[in-house]
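One structure below.
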Amino acid sequence: MTRMSAEPLTVSWRPLDRSFFARRPVEVAPELLGRVLVHDSPGGRVAVRLTEVEAYGVPGEDPASHTYRGQTRRNAVMFGPPGHLYVYFTYGMHFCANFVCMPEGTGAGVLLRAGEVIAGVELATARRNGRRAAPDGPSEAGDAKDSAAPARSRRPGGVVAPRDLARGPARLAVALGFAREHDGVDCCGDGPVRVLEGAPVDPSRIRTGPRVGVANGKDTPWRFWIDGDPTVSPYRPHQPRSR
DNA sequence: CCTATGATCATCT
DNA sequence: GATGATCATAGGC
């Protein structure tokens with residue numbers, strides 16, 4: 001069943017324990033659906049109910065994982081303790097966020113692909129639209145600590161539908177204000193980023209399939225999403241670059 | 001709804 | 001030097 005955005009949502013505000021993340025990504029991923037990721041920044045609070053995630057495996061196991069060939073500077077956080085954010089920059093303009101999984105030293109995680117913004121829609125929208133040079137000064141999009149949306153995501157005069165605010169991994173990162181400086185942030189402490197128990201989804205409502213935009217390991221069904229949820233991103237196979 | 005294309009750069013080979 | 005865990009836009013139906 002599709003959850004209507006306007007329906008009241010009853011969630012648990014208890015934070016998830018670090019031990020939740022210290023398991024195989026393929027176990028953690030489906031159990032993340034329905035959980036709530038919160039980021040309190042100087043500009044305000046945005047909370048996202050996760051509706052779509054992907055598991056990425058340990059070195060040597062999963063050719064699609066950033067850790068497949070071992071540790072590098074970029075993926076170093078994935079080899080750190082579980083329950084931290086791994087945020088990476090890609091395509092020259094986008095950030096995407098993962099939860100680090102498995103015990104420290106392993107190198108695995110879960111990509112956060114999509115969700116529903118359940119708090120801070122106004123701030124998330126402002127981030128998406130980016131800083132706009134208003135005639136009378138800077139916008140209300142948050143302060144300098146908040147990362148502005150990439151210029152290309154602006155729709156001058158257009159409006160982003162609430163359902164699209166976190167529909168896709170780079171959009172989700174923009175909505176939550178995640179960028180380079182959030183790589184390595186702990187989600188299981190007293191910091192500004194937390195994961196709440198939320199409203200875990202019954203397994204009967206979870207669907208699985210191949211991961212989006214993945215070339216190697218393209219048939220591994222490690223994508224998990226809430227069946228029928230309108231905030232789940234569309235499936236797209238990997239496309240080699242044209243020449 | 002759908003498919004095609006370009007943007008843009010850190011990272012790895 | 002090639003590529004990518006993407007997205008916005010343009011155009012067709």
Side-chain angles (χ1 to χ4, degrees), chain A residues 25-26 28-30 32-33 37 50-79 84-101 107-115 124-125 127-130 132 147-161 163-176 178-184 208-225 230-243:
Chain A
V26 71
V28 174
L32 278 170
L33 298 175
L37 177 56
L50 299 174
T51 59
E52 179 192 358
V53 297
E54 284 175 357
Y56 285 88
V58 301
E61 170 194 39
D62 176 13
S65 177
H66 285 182
T67 65
Y68 183 54
R69 295 182 163 118
Q71 185 169 344
T72 66
R73 176 139 85 255
R74 175 175 72 158
N75 66 24
V77 166
M78 284 191 100
F79 290 84
H84 289 239
L85 279 185
Y86 164 53
V87 178
Y88 68 93
F89 183 65
T90 190
Y91 287 100
M93 63 195 90
H94 298 302
F95 293 97
C96 299
N98 298 245
F99 290 133
V100 175
C101 296
V110 174
L111 172 70
L112 311 179
R113 280 206 55 91
T125 302
R127 284 170 170 158
R128 181 70 166 277
N129 289 338
R132 179 174 272 151
S147 319
R152 292 195 53 72
S153 72
R154 268 182 253 151
R155 291 209 246 161
V159 179
V160 180
R163 82 151 64 158
D164 289 333
L165 281 171
R167 193 184 194 210
R171 291 164 164 186
L172 180 147
V174 167
L176 284 163
F178 290 156
R180 200 176 308 281
E181 66 268 27
H182 298 281
D183 187 33
T208 68
R211 292 167 292 187
V212 174
V214 164
N216 299 311
K218 63 184 171 71
D219 295 328
T220 305
W222 280 3
R223 177 182 181 227
F224 301 85
W225 68 94
T231 65
V232 173
S233 73
Y235 177 77
R236 170 183 54 78
H238 175 76
Q239 289 214 346
R241 167 183 311 224
S242 60
R243 314 221 55 201

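Each chain gets a letter, A, B and so on, in the order its sequence line appears, and its residues count up from 1.
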- With sequence neighbours left out, what residues match T208(A) under side-chain contact (heavy atoms from CB on, under 4.5 Å)?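 If we apply the side-chain contact (heavy atoms from CB on, under 4.5 Å) test to T208(A), skipping adjacent residues, the hits are F224(A).
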From [atom1] of [X] over to [atom2] of [N], roughly how many Å is that when rounded to an integer?
X	N	atom1	atom2	value
K218(A)	dG4(C)	NZ	P	14 Å
M93(A)	dT11(B)	CE	C1'	15 Å
Y91(A)	dT6(C)	OH	P	6 Å
F95(A)	dA5(C)	CZ	P	15 Å
H94(A)	dA7(B)	NE2	P	13 Å
D62(A)	dA5(C)	CG	C1'	10 Å
R128(A)	dC7(C)	CZ	P	8 Å
R241(A)	dC9(B)	CZ	P	13 Å

Any side-chain N or O of [X] below 4.0 angstrom from OP1/OP2 of [N]?
X	N	result
H66(A)	dA5(C)	yes
R74(A)	dG4(C)	no
R73(A)	dT11(B)	no
H238(A)	dA5(C)	no
T90(A)	dA5(C)	no

- Message: Run the side-chain hydrogen bond (donor to acceptor under 3.5 Å, both in side chains) test against E54(A) and tell me which residues pass, sequence neighbours left out.
- Response: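 Here the qualifying residues are Y56(A).
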- Identify which nucleotide among dC12(B), dA5(C), dT6(C) has an atom closest to any side-chain atom of Y86(A), counting heavy atoms from C-beta outward.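 Looking only at heavy atoms from C-beta outward on Y86(A), the closest nucleotide is dA5(C).
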- Can you tell me how far CZ of R171(A) sits from CZ of R113(A), rounded to the nearest 0.5 angstrom?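 That separation rounds to 10.5 Å.
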Just checking [X]: base, sugar-phosphate only, or nothing, at a heavy-atom cut-off of under 4.0 Å?
X	value
F89(A)	sugar-phosphate
A170(A)	sugar-phosphate
R113(A)	sugar-phosphate

- Task: Evaluate the criterion side chain to side chain contact (heavy atoms under 4.5 Å, CB included) for residue pair W222(A) and L111(A); output intermediate values, then yes/no.
- Result: CA-CA 10 Å; W222(A) 280 3; L111(A) 172 70; over 6 Å; no
- Item | Pair E52(A)-L172(A), side chain to side chain contact (heavy atoms under 4.5 Å, CB included): steps then yes or no | CA-CA 11 Å; E52(A) 179 192 358; L172(A) 180 147; over 6 Å; no
- Query: How does DNA chain B read in dot-bracket, base by base from 5' to 3', with Watson-Crick or G-U pairs under 3.5 Å and | used when the partner is on another strand?
  - Reply: |||||||.||||.
- Show the numbers, then the answer: is there a side chain to side chain contact (heavy atoms under 4.5 Å, CB included) between L37(A) and F178(A)? CA-CA 12 Å; L37(A) 177 56; F178(A) 290 156; 3.9 Å; yes
- Task: Dump the intermediate steps for side chain to side chain contact (heavy atoms under 4.5 Å, CB included) on V77(A) and V87(A), then the final yes or no.
- Result: CA-CA 9 Å; V77(A) 166; V87(A) 178; over 6 Å; no
